Each structure stands twice: as structure tokens, then as C-alpha cells.
Amino acid sequence: MTGNSKFHHGDPKGAVQPIIEMKNIEKHFGRVIALAGVSFDVKPGECHCLLGDNGAGKSTFIKTMSGVHQPTAGEIFFEGKPMHFDDPRDAISAGIATVHQHLAMIPLMSVSRNFFMGNEPTRKVAGISFFDKKRADEVTMEEMRKMGINLRGPDQAVGTLSGGERQTVAIARAVHFGAKILILDEPTSALGVRQTSNVLATIDRVRKQGIGVVFISHNVRHALAVGDRFTVLNRGQTLGTAARGEISPEELQDLMAGGQELAQLEGSLGGTV
Amino acid sequence: MSNATQPTAKPDERVKEISAFRNALIRPELGGIVGTVAVFTFFLLFAFDSGMFNSQGIMNWSVVSAQFMIIAVGACLLMIAGEFDLSVGSMIGFAGMMIAIFSVTYGWPVWAAIIVTFVLCTAIGALNGWIVIRTGLPSFIVTLAFLFILRGFTIFLPQVIERKTIIGGILDVAEGDWLAPVFGGTIFKGLFVWLGEAGLIATFERGTKQGQPVVDGIPMLIIWAIALIIFGHVLLTKTKFGNWIFAAGGDAEAARNSGVPVNRVKILMFMFTAFCATVFAVCQVMEFGSAGADRGLLKEFEAIIAVVIGGALLTGGYGSVLGAALGALIFGVVQQGLFFAGVESSLFRVFLGVILLGAVILNTYIRRIITGER
Ligand SMILES: Nc1ncnc2c1ncn2[C@@H]1O[C@H](COP(=O)(O)OP(=O)(O)O)[C@@H](O)[C@H]1O
Ligand SMILES: [Mg+2]
């Protein structure tokens with residue numbers, strides 16, 4: 001991990017090439033314009049917070065990044081090359097792991113089957129490839145233990161876990177598969193104090209491994225606790241990106257509230273609007 | 001924040017330990033196991049002397065159960081994948097009729113008729129699935145349409161081609177065919193001759209078959225049922241694809257977002273259901289030597305009931321092939337058992353309704369236990 005140590009908190013990253021760069025992304029649903037030209041990028045080892053009020057288009061935006069939606073217009077560059085994701089599988093295999101706001105967990109299925117959903121380990125017996133349940137169970141138990149969740153067993157159904165525990169399973173899963181980018185859509189909005197600090201600690205740990213984290217929130221305090229850069233979305237448009245230290249919590253709050261005081265803030269955003 | 005990164009895995013004192021009994025309850029096969037034991041106990045006590053448990057009797061309800069099993073395996077995997085196929089019964093009639101038309105009317109070799117029918121029917125299954133995926137309509141509606149479309153063709157085609165609704169003479173054209181015995185033959189004949197000679201099973205006492213066992217072997221139908229059950233069970237519980245089946249039915253959107261190819265899984269399961277229906281049809285045609293326009297009536301519901309008795313949830317994402325097989329066994333044993341016991345056969349339907357209701361209520365309760373919802 002020492003190789004990535006230059007990516008820790010607060011270092012200038014201007015020179016580093018972004019892992020993913022989204023340029024002027026638009027997304028229309030029929031007559032609804034959910035995104036009207038959003039630009040955003042993520043660099044290795046940073047936590048880029050995407051802030052905005054409900055309905056601002058945050059989820060829609062990250063879904064264009066994770067292959068769920070195809071943008072109506074705009075360009076995506078992945079590691080410098082133009083990229084197009086047809087479906088979530090494409091994005092996943094490129095190294096983009098997403099924990100969606102409405103969790104991608106299936107309550108009726110066991111924790112270990114959920115953990116490996118779409119990514120099942122296999123073992124060949126007589127030329128036929130079988131689901132390696134033993135390995136899946138072991139890895140799941142180990143990862144859950146690391147995250148501080150004590151399972152009755154790998155066969156316990158996800159439906160019996162609390163909201164926070166499910167969130168933790170989802171994050172652990174995304175981290176486990178060694179993504180280059182980890183997108184977390186409002187991971188803390190349904191959590192209590194302890195679980196929130198657990199999730200924030202996880203973000204910090206993941207970032208230190210050189211992974212680029214996209215952290216969506218409408219809670220400024222949560223964002224400021226871990227964020228390196230902050231982008232505010234409002235009604236489908238970006239109001240600007242600011243680096244840590246360039247913006248105060250009050251200013252972020254005002255931006256999210258609709259940018260009424262935008263004129264006054266432009267100076268403090270340092271021309272990054 | 002440093003303390004938050006430390007694993008703090010202690011047993012949560014607020015989560016009650018789940019008792020072994022409740023743990024056993026959340027096996028999907030439980031209902032099927034209890035039902036099977038109950039049904040056998042009942043008939044052993046009240047119908048033992050009826051001939052239901054001699055070699056002929058056992059073969060009788062085994063064959064009927066195996067028929068139910070063949071279509072239940074397909075319906076089970078499809079239901080777990082979150083979809084229904086109401087066209088199974090019509091597909092059985094249609095597949096049988098196609099084989100008859102190809103082989104008897106057109107004079108094709110029987111093996112060619114069987115293979116072309118399999119390809120045609122699984123293609124129709126794929127079409128069912130494709131329409132469901134593309135339109136987003138409930139599979140209930142789409143396959144209800146195919147229930148009528150396929151039945152209509154099954155009545156219409158023989159009428160315009162042969163001017164009748166039953167086509168016979170299939171056994172004659174199947175004579176010497178290499179593929180027909182795979183569906184219509186019996187195996188282990190030697191074993192049964194030996195069992196007869198050893199006095200373990202009954203033999204004919206008079207006539208041209210004197211000395212031969214009354215049951216001359218295991219029908220291929222039963223072999224197909226066992227093979228499909230093993231295949232379905234292994235596919236569902238032991239492979240990556242099985243995980244995708246559960247995921248597709250548990251929450252298609254979540255599965256898609258995790259990279260599961262949900263559309264492919266669902267379409268393949270529609271094809272597999274059609275494949276099972278065709279296996280049923282070919283075995284039936286080879287048994288009767290004819291195809292009739294009314295074959296397979298109501299089979300889709302019987303398959304679904306067997307699957308539900310076997311513990312699968314109608315809403316998808318949960319179930320078991322072994323459970324469905326036990327459901328089919330209960331179905332077959334009760335249907336034939338009531339016949340052996342001399343009970344009025346209409347009462348079978350009463351039984352069916354009652355057990356269906358009981359199974360669905362039990363399953364809903366089990367679902368609450370698994371998901372912890374109230
Ligand atoms: N599939 C969709 N079809 C139509 N409108 C949508 C769809 N998804 C999102 N929207 C609309 O796009 C806007 C942004 O939604 P969303 O991205 O979920 O906001 P956020 O995550 O910031 O709360 C909302 O007005 C929402 O109604
Ligand atoms: Mg959202």
C-alpha cells in the first residue's frame with residue numbers, strides 16, 4: 001500500500017489522470033430532462049463527493065457511470081479512452097463497482113449467495129464448472145467479520161439483516177471485487193451514528209488503497225468528513241466542483257439548497273465552476 | 001475513527017437464537033417431505049390391500065407421478081426465476097400432434113419428427129420469454145395467450161391435414177426407430193425377469209406371457225423424470241447459473257445491477273419449461289401410439305400446484321426442485337391412491353384445492369421467517 005501513499009488526504013492531484021471522466025452528460029426520460037450536461041471525474045485514491053438535494057439527479061448520474069442508463073448525450077472516458085457501457089456487466093468488468101441507493105441485495109437469498117451474485121466463484125469437477133459454495137461461504141464470513149458483522153452463518157438470508165448491515169454487506173462486496181472505482185449512492189442516509197462512522201471509515205480505507213470513491217450524499221457533514229473534492233448537482237446541472245479546504249460547510253449547504261447565493265460564492269469556488 | 005475500523009464482531013444480544021425447529025422450517029422441501037410421509041402413511045394404513053403396493057400398483061402411481069415430475073421441474077425453475085408458463089398443457093398437446101403429423105402424415109422418420117418437434121417447441125418457449133422480456137408484460141398474460149394459440153393450432157392442423165383430431169399409428173412407424181425407445185421403451189427388463197423368477201414380484205399365471213413378470217421393466221418416462229430432477233437440482237443449487245436463477249426471480253433489477261444476465265436466464269428457463277413439456281408429450285405419444293388434440297389439458301396448473309406444494313414462492317426467488325418433485329409425487333400417489341381405494345374421483349379435486357391452499361399459506365409463513373418481515 002505504500003506505493004499509493006501519495007494519494008492520501010489533501011494531496012494535490014491535479015496532475016493525476018482521472019480513472020473516469022464524464023463530459024457534459026445528458027439524460028432525458030421522455031420529456032423529463034434528468035441531467036442537463038454534467039461533467040465529473042474521479043481520480044485514483046480520492047473521494048469525490050456528489051452532493052445535491054433529493055431529485056437533483058444524483059442517482060441518475062451515477063447510473064450512467066455504472067452502465068444502468070445510457071446517456072442521451074455526452075462522453076465518457078475511461079482511463080483516457082472513450083468508453084461506452086451497454087449494461088452493468090460492462091461497467092463491472094471495467095472495474096466500476098456500485099452500491100445503489102435502493103440496495104442491490106436480494107432479501108430471500110443468503111448473504112453468501114448475495115455477496116457473489118454475478119461474480120460466482122467456480123470449481124471444475126469432471127470438466128463441468130460448479131459454483132464453489134465452500135469458498136464463497138468462507139470468503140463471505142471472513143469479509144463480514146472484517147466489517148464487524150457477526151453472521152449466524154453464510155446461509156443466513158439477507159432479509160434478516162438490518163438496513164445498516166445490508167449496506168455494509170453491499171460495500172464489502174464492492175470492495176472485495178477489487179474495483180478501480182467504488183460508487184456509493186447515499187450509503188449513510190438510512191444509517192445510525194455508529195454504522196455511519198463505520199461506512200465513512202470504510203471509504204477512508206478504500207481510498208487509501210488507491211481506489212477512486214464516488215460518495216453521494218445530501219448530508220454535508222458526512223461529505224466533509226471524508227471528501228477530497230465536492231461537486232454539487234442541482235436540478236440536473238452542476239453548480240461547481242470545489243477541492244477540500246476551498247469551501248465551507250455553509251457554502252456547500254447553500255449550493256445544495258438551490259444556488260441562490262451562487263453569485264456570491266463564485267469567488268470562493270476558485271473558478272472551478 | 002480508528003475504533004470504527006476495528007472488527008467489533010460480537011453476537012448481537014438482541015437477535016434471538018433461531019431454534020432448530022424454525023431452522024428446519026425454512027428448508028423449502030419441508031412441506032413436500034411432511035406431505036409425502038403423511039400421504040404414504042395414510043394409504044399404507046387404509047389402502048394397503050387394494051393392490052396399490054404390489055408391483056403393478058407401484059408402477060401405476062410411479063408413472064403418473066413421473067409425468068407430473070417432468071413438467072414440475074420446468075415449472076419450478078421458471079417460477080424461481082420469477083415467471084410462469086400457462087402454456088405447458090397446450091404445448092404438450094401441440095408437441096404430440098407435431099410428432100404425429102411429421103411422422104405419420106408426412107412419413108418422416110420418427111427420430112427426425114422428434115428432433116424437429118423439440119427444436120420447434122423450445123423455440124416457441126424462447127418466443128414466450130422474448131415477448132415477456134421485450135414487452136415487460138406479466139408472463140401470466142403472455143403465456144395465457146399461447147395457451148389458446150397452441151391449443152387452437154393443435155385442433156386446427158390435424159383437421160385440415162387429416163380431417164380428424166386424433167392421429168394414430170405412431171407405434172407402427174416408430175418400429176425399429178433408434179430414438180423412439182429413448183422415450184417409449186422400458187429398461188432393466190432382465191432384472192424384472194429375475195425378480196419374477198425369484199418370486200419377488202408377480203408373474204403372469206396364464207396365457208402367452210405365462211411366467212413373465214407383470215411389470216416388465218422401468219419405463220423411460222421414469223428415467224426421464226429422475227434425470228430431469230437431478231439436472232434441475234444440480235443446476236439450481238450447485239452452479240453459477242442457479243444463483244442467477246434465484247437472483248433473477250428474487251429481484252430482477254438488483255440482479256441486473258449486479259451484472260446477472262437476467263434476460264438470458266429468463267428466456268432460457270422458458271425454453272427449458274417447453275423442453276420438459278415436449279419430453280412429456282413424446283413419452284405420452286410413444287405410450288399411447290397416438291396424438292390427440294385434447295392432450296395435456298390443465299397440465300400447467302398441475303405443474304404449478306406441484307411446485308407450490310414443493311415449497312416454491314409464487315412470487316419467485318425461492319424454491320426447490322426436490323420439493324417440486326415431492327409435490328409431484330404427492331400428486332400422483334393421491335390421485336391413483338384414491339382410485340385404488342375406490343374413492344369417488346371428483347374428491348381428488350377437493351383434496352387438490354385444500355392442499356394447494358394449505359401449501360401457499362405455509363409458504364407465506366416461511367417467507368416471513370426467512371426475510372424477518374412481519
Ligand atoms: N427511470 C426514470 N424515468 C423517468 N424519470 C426519472 C427516472 N429516473 C429518475 N427520473 C427523474 O429524474 C430526476 C432525478 O432523479 P434521481 O436521479 O433519482 O435524483 P436523486 O438521486 O438526486 O435524488 C427526478 O425528477 C426523477 O423523477
Ligand atoms: Mg438518489
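Each chain gets a letter, A, B and so on, in the order its sequence line appears, and its residues count up from 1. The analysis underlying the following values was restricted to heavy atoms, covering all of them including side chains, and did not include hydrogens, waters or symmetry mates. Here the structure is a predicted model, which means the values were calculated and not measured.
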(message) Taking the ring centre of each residue, are B:F331 and B:F68 less than 6.0 Å apart?
(response)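 Ring centroids of B:F331 and B:F68 are less than 6.0 Å from each other.
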(request) Compute the centroid of each ring, for A:F215 and then for A:H48, and state whether the two points are separated by less than 6.0 Å. (result)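 Between A:H48 and A:F215, which both carry aromatic rings, the centre distance is not below 6.0 Å.
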(message) Give me the atom names and distance for the closest heavy-atom approach of B:A254 to A:M117.
(response)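 Heavy atoms of B:A254 and A:M117 come nearest at O-CE, 4.3 Å.
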(request) Heavy-atom pairs under 4.5 Å with chain A are the metric here; pick the option from B:G317, B:S258, B:G250 that has the most. (result)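 Maximum pair count with chain A is reached by B:S258.
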At a 4.5 Å cut-off on heavy atoms, which part of [X] comes close to chain B: side chain, backbone, both, or neither?
{"X": "A:I92", "value": "side chain"}
{"X": "A:R123", "value": "neither"}
{"X": "A:T122", "value": "side chain"}

(request) Can you tell which part of B:L235 gets under 4.5 Å to a heavy atom of chain A, answering side chain, backbone, both or neither? (result)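 No part of it gets close to chain A.
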(request) Would you mind checking if A:R207 and A:D204 are paired as a salt bridge, meaning a charged N to carboxylate O distance below 4.0 Å? (result)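 Here A:D204 pairs with A:R207 in a salt bridge, since their nearest N and O are under 4.0 Å apart.
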(message) Taking A:K124 first and then A:D132, would you say they form a salt bridge - that is, a charged N and a carboxylate O separated by under 4.0 Å?
(response)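 A:D132 and A:K124: not salt-bridged.
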